[in-house]
There are 2 protein chains.
Amino acid sequence: MTREILDTSPAPNGDKPTLRSLAEATGFSIATISRALADDPRIATKTRAKVAAAAAAAGYVPDRAARRLRTGRTQVVTLLLNTEHEFLGFTHEFLSGITEALRGTGYSVNVVPDHVGEDRLQPVRNILRNHLADGILFTRTEAFDPRVRLLMENDFPFVSHGRTEFTTPHPYVDFDNEAFARIAVARLVERGRNRLSLILPEDRFTFTQHLRYGFLSAAREAGVDHEIVAGVTLDSSAAEIATAMRDGRSSDTPPDGYVCVGEVTALVTLSALADSGAVLGRDADIFAKRASPIFDNIRPRIETVYEDLRETGHKMAEMLLRRMAGDKPEGLTHILMPDFERLHHS
Amino acid sequence: MTREILDTSPAPNGDKPTLRSLAEATGFSIATISRALADDPRIATKTRAKVAAAAAAAGYVPDRAARRLRTGRTQVVTLLLNTEHEFLGFTHEFLSGITEALRGTGYSVNVVPDHVGEDRLQPVRNILRNHLADGILFTRTEAFDPRVRLLMENDFPFVSHGRTEFTTPHPYVDFDNEAFARIAVARLVERGRNRLSLILPEDRFTFTQHLRYGFLSAAREAGVDHEIVAGVTLDSSAAEIATAMRDGRSSDTPPDGYVCVGEVTALVTLSALADSGAVLGRDADIFAKRASPIFDNIRPRIETVYEDLRETGHKMAEMLLRRMAGDKPEGLTHILMPDFERLHHS
DNA sequence: AACCGGATTTATAACGTTTTAATTCTGTCA
DNA sequence: TGACAGAATTAAAACGTTATAAATCCGGTT
């Protein structure tokens, strides 16, 4: 009878160690146990040691729900992840970097889809309103990204992948896309190319401007012809990009140097060249940015530079940890440089 | 004075609607509000309507921490994700499928790294012990996967990507790798190839056995020579695979038909062929499985079949939802077939 | 010997839910 | 008129934590 009544407690409990069970085991009160585990100096050192031992013996782990309810802290980091387009391998490397940095910190990663076409603010509002996370990471940052504005207004910890043009500083990790574009132009010009072509991402993203500026100014400085392909972006389908490429090839003066910001674009360019009878190295050259090792095995070989997304994710998560711990946003920025070395990434 | 004391509540609250605030607003008790929102038939229909209206007006959303503490349900699904190796695009497509299926269900995805080299059981134990999720998804399933055993013992909801050889049924989604291997062999043989070669994943994974069986039996039936490359697996570094490939090419009777289970292997094979002076279509052919659209733009073209990982993730999440809702594991299995159609995946 | 102050400890009230057991309302029937 | 069953509501406890405010303890003074 009695056991039936007791049995109705919501969590079967079993024997999960809790502050209460530790209190009973050690003879101290729940409050003392709690403080001792937090290493509160008001608790006698000897007591703290005893409690720590008991906790270890019982394998005590604080209940996240209870702590969260009481403190309002979730111990969760949300990643707003674009699930439409991907830079090959982006998601994998990026996410791996994040989980790696968060390992052992007690924080876990929560993935929420971010659709560029829809309202990008909605998931953020949801997180803010219901305190669904202690911090946010996101990608594909826009020049005046509304998410950045909203999060700054609420003084909510976040790190963006990519800069913005807001004057107030905020934590970010970015790749130096301007430097990439300049390097790409320089290398192609060195090879004697003088009609350069570039396909940009959508205008809204900040890095699009960096790429444009780097490409245009380097090309002007070098005094070579150059074009930014119209009507198509990095996120266009492979088929659309292929069509645009073919159109370009059939011009009287087709480009002879291609700067490719993504792997898909690079492959499409490569196949468009092959399909139009042009020979790489003779009729044109390609310089591409890549995030995965596959280009080591693409033939003909093309020159590439590596964007380390694992490192990017790692750095972003580290910064977010600091920000959540209360650090001021000021110093928390990092810019990764194009990497020439990483040629034989396993 | 008084306001200072009131101000010490841990969550600033602000004006976040809660059961209590709804109770005050409507004049009903907290218990009634709770039941009304759950559509409990014991509450008068009129009352339920009033409460629903008030909740909607206030934009009430139940507090996850409180509900979790009370009920023990987390509303979280954990994905054990391999962060070492990746099938190109695997993570992105798979994760997208999962989040898509979970959209609007109130469940969120939590990503926890799974290192095949280390103890794969540890994250699972952690989740079970501390009730960190209501369900688990994982990949790279082994024939007698200890995670499956542990989860079944605890009657904890999960869906594996890949089958096991346990006799007790459990939910899974798998790709028909045996069919893939048979098709690959058949196509290569049709093209007149009679010395086939295959690089397998590590032996521990169930799908390795399916691939092996499909390959060996199809090759025997067709009466062609065949080999499974020794000393190297799908997860070996590109460099190691390349070396093995080159060794194979320099034999007296090099293979003339390659079955490639992953994209990296296919690209390495392609580059090894090119580097050794062999011409695709004349000296050898490749048949590959792919999970991303890039092969449309690889030249020379190779024949491929598509494994839809977005669909895989979607199905797995759907099944997990059913399982968490209490469905029996019996019917919850699904096997995806190799897809020939998906040639121009955007 | 009573007392004081700093060092330790503890009772207790939240945090926002769900749910058991009890209570209050209805209208009906004797 | 009063009792009563059924419908509708509610008080209160609990989930496991943290933190406020109050209560003990102890050695050293007066």
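Proteins come first, then strands; the chains are lettered A, B, ... in the order of their sequence lines, and each starts at number 1.
In this structure, A:Leu69 atom CG and D:dC15 atom P are separated by 14 Å, rounded to whole Å. When the C1' atom of C:dA11 is taken as reference, atom CD1 of A:Ile33 falls 15 Å away, rounded to whole Å. Following rounding to the nearest Å, A:Leu19 (CG) and C:dA14 (P) show an atom-to-atom distance of 19 Å. A:Asp40 places its CG atom 9 Å from the P atom of D:dA19, with the value rounded to the nearest Å. A straight line from CZ of A:Arg67 to P of C:dG16 spans 18 Å, rounded to a whole angstrom. C:dT18 atom P lies 12 Å from atom CG of B:Leu22, rounded to whole Å. As a whole-Å value, the separation of B:Arg68 CZ from D:dA14 C1' is 18 Å.
When the nearest nucleotides of DNA chain D are assigned to B:Ala66 and A:Ile30 by heavy-atom distance, the more 5′-ward of the two goes with B:Ala66.
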Output side-chain donor-acceptor pairs under 3.5 Å for residues 57-65 of chain B, partner residues at least two apart or in another chain, one line each.
unit_1: B:Asp63; atom_1: OD1; unit_2: B:Ala65; atom_2: N; d: 3.0
unit_1: B:Asp63; atom_1: OD1; unit_2: B:Ala66; atom_2: N; d: 2.8
unit_1: B:Asp63; atom_1: OD2; unit_2: B:Lys16; atom_2: NZ; d: 2.7
unit_1: B:Arg64; atom_1: NH2; unit_2: B:Gln75; atom_2: O; d: 3.4
unit_1: B:Arg64; atom_1: NH2; unit_2: B:Gly106; atom_2: O; d: 2.6

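Look at B:Ser34 and you won't find any side-chain N or O under 4.0 angstrom from OP1 or OP2 of C:dT17. For B:Thr18 and C:dT17, the shortest distance from a side-chain N or O to OP1 or OP2 is below 4.0 Å.
Qualifying ring pair (Phe, Tyr, Trp, His ring centres under 6.0 Å) partners for A:His170, counting only residues two or more places apart in sequence or in other chains: A:Phe158. For A:Asn126, the side-chain contact (heavy atoms from CB on, under 4.5 Å) partners two or more places apart in sequence, or in a different chain, are A:Asn130, A:Leu132. Partners of A:Pro157 by side-chain contact (heavy atoms from CB on, under 4.5 Å), not counting sequence neighbours, listed by chain and number: A:Leu320, A:Arg323, A:Met324. Listed by chain and number, the residues in a side-chain contact (heavy atoms from CB on, under 4.5 Å) with B:Arg129 are A:Pro17 (sequence neighbours excluded). For B:Asp327, the salt bridge (charged side-chain N to carboxylate O under 4.0 Å, His left out) partners are B:Arg322, not counting sequence neighbours. Residues satisfying the ring pair (Phe, Tyr, Trp, His ring centres under 6.0 Å) test with A:Phe94, not counting sequence neighbours, are A:Phe90, A:His161. Listed by chain and residue number, B:Phe28, B:Thr32, B:Ile43, B:Ala44, B:Val51 satisfy the side-chain contact (heavy atoms from CB on, under 4.5 Å) test with B:Thr47 (two or more places apart in sequence, or in another chain).
Between A:Lys315 and A:Glu311, at least one side-chain nitrogen of the basic residue sits less than 4.0 Å from a carboxylate oxygen of the acidic one, meeting the salt-bridge criterion.
Two residues are said to be in side-chain contact when any heavy atoms from C-beta on lie closer than 4.5 Å; A:Thr26 and A:Ile33 meet this criterion. Annotation: side chain of A:Leu79 is in contact with side chain of A:Leu95 (closest heavy-atom distance under 4.5 Å).
The base of D:dT18 sits within donor-acceptor range of the side chain of A:Arg70, with an N or O pair under 3.5 Å.
Less than 4.0 Å separates DNA chain D from at least one heavy atom of each of the following residues of residues 55-64 of chain A: A:Tyr60, A:Pro62, A:Asp63.
For residues 95-119 of chain A, the pairs satisfying salt bridge (Lys or Arg N to Asp or Glu O under 4.0 Å) are A:Glu100-A:Arg310, A:Arg103-B:Glu118, A:Asp114-A:Arg120, A:Asp114-A:Arg147, A:Glu118-B:Arg103, A:Asp119-A:Arg125, with sequence neighbours left out.
The C1' atoms of five pairs define one axis at each end of the helix from C:dA1-D:dT30 to C:dA30-D:dT1, and these two axes lie 100° apart (to 10°).
Within 4.0 Å (heavy atoms only), B:Arg20 reaches sugar-phosphate atoms of the nucleic acid but no base atom.
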Taking N or O atoms only and anything under 3.5 Å, show me the protein contacts with nucleotides 5-9 of chain D, one pair per line.
unit_1: D:dT9; atom_1: OP1; unit_2: B:Thr47; atom_2: OG1; d: 2.8
unit_1: D:dT9; atom_1: OP2; unit_2: B:Ala44; atom_2: N; d: 3.0
unit_1: D:dT9; atom_1: OP2; unit_2: B:Thr47; atom_2: OG1; d: 3.4

